[in-house]
Amino acid sequence: MKFIPLYLIFFFPFLFNAQVDFTNIDDYAKAYPKKTATIDELANYFLLKEASELEKARMIYVWLAENINYDDHGYNLKKFGDNSAEGVMKNKLAVCAGFANLYQALGEKLGLKINTVTGLAKGYDYEGDSYDNVEDASNHAWNAINIDGVWTIFDATWGQGYGTTNTKGKLVSKKEVGNDWFNVDPKISIFSHLPKESDKQFLSPTISFETFLEMPNIDPTAFSSGWLNADELLVKIKEKKVLDIPNYYSLSENILIKAPIERLLKKGKPHTFTIESIELNKVFLIVDEEEWIPFNKTSEGWNYTLNTKTPGTFEVVAKMLDGKLLILFEYEIE
């Protein structure tokens with residue numbers, strides 16, 4: 001399940017593979033009739049399309065995200081039903097294991113080198129340090145696919161939508177297909193997905209269970225926007241440095257960001273913010289929830305340099321073209 005509001009208030013739609021135009025592949029995957037079909041029939045349809053390994057993985061990802069719904073009823077009752085690949089294909093309903101199982105079955109039919117991975121994800125039912133090891137804490141399943149000799153991460157469950165909690169405390173899913181969990185670098189997925197088997201991290205050195213619990217929960221688009229660098233953060237983690245990144249929030253696709261990566265800003269020093277997006281109308285810095293300071297408009301987007309000796313809280317807020325206001329970042333000067 002993709003759990004945006006609950007597992008993480010940090011979420012941007014995904015920009016990885018932005019340089020690849022999947023329009024033709026996506027349209028082909030979506031065109032397959034939504035009537036009941038077998039795994040073989042769907043795989044044969046995909047095989048009719050000349051495609052690279054990545055494009056094959058994309059067809060499956062898109063079809064799953066569009067056609068399989070998350071099983072809210074089963075999740076709420078803890079009675080998950082038939083999550084075999086065949087069962088999911090028939091019922092068009094699944095929890096994470098079902099999405100991963102069907103992804104693997106279709107991937108194998110298309111000749112992909114694909115694995116189902118189980119482990120701990122910082123999602124809807126994430127309970128932090130409530131467990132002593134990753135085996136007991138495991139709560140999610142996803143896939144790893146070897147694309148042109150490199151293993152990357154695919155999570156069709158989180159790609160098909162997200163979950164909220166209703167007034168009765170029950171999970172309610174919303175179908176909102178996104179690209180954020182398609183073809184994710186393992187150095188990025190590790191901030192929210194920890195496999196039970198360390199070799200499925202595809203990292204060297206690997207991340208321990210204890211370290212994973214201490215790591216901030218970061219969505220892939222915090223990296224794809226250019227704001228964060230996974231290599232730099234993993235070096236800090238290896239050196240046991242505390243990562244105190246600011247809270248950051250939902251925006252939309254097609255955004256590039258340069259902004260401080262430390263939540264606590266130093267007073268009396270310049271801190272520069274640059275935001276580029278075709279979907280924004282204005283950007284503001286809000287000081288202590290009172291003073292609204294507009295960013296400077298440029299040909300590429302908006303920028304502002306904060307330099308103050310006055311302690312306080314600072315929020316970067318964007319106004320969308322439709323007038324909706326979204327908080328992007330929260331910082332503090334002590």
Return the orientation label for the [X] and [Y] ring planes: parallel under 30°, perpendicular over 60°, tilted otherwise.
X	Y	value
Y45	Y28	parallel
F329	Y248	tilted
F191	F223	tilted
F80	Y75	tilted

Could you tell me if [Y] and [X] have a donor-acceptor pair between their side chains, going purely by distance under 3.5 Å?
X	Y	result
S224	T221	no
Y103	T116	no
T274	N303	no
K49	N24	yes
T305	T272	yes

Candidates F314, Y304, F284 - the one meeting ring-ring contact (aromatic ring centres under 6.0 Å, His included) with W292: F284
Check: F22 ring centroid to F182 ring centroid under 6.0 Å: yes
Salt bridge (charged side-chain N to carboxylate O under 4.0 Å, His left out) evaluation trace for D40 with K109: CA-CA 8 Å; D40 284 337; K109 296 285 185 182; 2.8 Å; yes
Nearest heavy atoms of S189 and I153, plus distance in Å: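 It is OG-CG1, 3.3 Å.
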If you measure from [atom1] on [X] to [atom2] on [Y], what distance do you get to the nearest 0.5 Å?
X	Y	atom1	atom2	result
I327	I286	CD1	CD1	6.5 Å
F99	N101	CZ	CG	11.5 Å
N67	M89	CG	CE	8.0 Å
L325	L328	CG	CG	10.0 Å
E86	K90	CD	NZ	11.5 Å
K30	M59	NZ	CE	14.0 Å

Say whether, by atom type as modelled, one donor and one acceptor occur between the side chain of [X] and the main chain of [Y] under 3.5 angstrom.
X	Y	result
K56	L110	yes
N146	G149	yes
N217	K122	yes

Heavy atoms, side chains only, cut-off 4.5 Å: are [X] and [Y] in contact?
X	Y	answer
V317	L326	no
I245	I218	yes
W181	T157	no
I207	Q201	yes
L120	N139	yes
D155	H140	yes
I25	V62	no

Does a sphere of radius 6.0 Å around [atom1] in [X] hold more than 12 heavy atoms from other residues, nucleotides or ligands, not counting ones at 6.0 Å or beyond?
X	atom1	answer
K113	NZ	no
D132	CG	no
D244	CG	yes

Residues K236 and E239 bridged, charged N to O under 4.0 Å: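 Salt bridge between K236 and E239, a charged N being under 4.0 Å from a carboxylate O: no.
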Pair R58 + D26, salt bridge at N-O below 4.0 Å: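 Yes, R58 and D26 are salt-bridged.
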Verdict with supporting geometry, D219 and D180, side chain to side chain contact (heavy atoms under 4.5 Å, CB included): CA-CA 8 Å; D219 186 85; D180 45 316; 4.3 Å; yes
Would [X] end up clustered with [Y] when hydrophobic side chains under 4.5 Å apart are linked, directly or stepwise?
X	Y	result
I257	I293	yes
L54	L48	yes
L47	L42	yes
L93	W63	no
Y61	V20	yes

Criterion ring pair (Phe, Tyr, Trp, His ring centres under 6.0 Å) on W151 and F202, from CA distance to verdict: CA-CA 7 Å; W151 287 99; F202 308 108; 5.1 Å; yes
With K267 via side chain to side chain contact (heavy atoms under 4.5 Å, CB included) - residues at least two apart: I333
Test log, rule ring pair (Phe, Tyr, Trp, His ring centres under 6.0 Å), inputs Y331 and F273: CA-CA 12 Å; Y331 294 91; F273 301 81; 5.4 Å; yes
Derivation of the side chain to side chain contact (heavy atoms under 4.5 Å, CB included) call for K266 and K269: CA-CA 6 Å; K266 293 183 179 180; K269 291 191 174 182; 4.1 Å; yes
Positive for salt bridge (charged side-chain N to carboxylate O under 4.0 Å, His left out) with R263, one of E330, E334, E332: E332
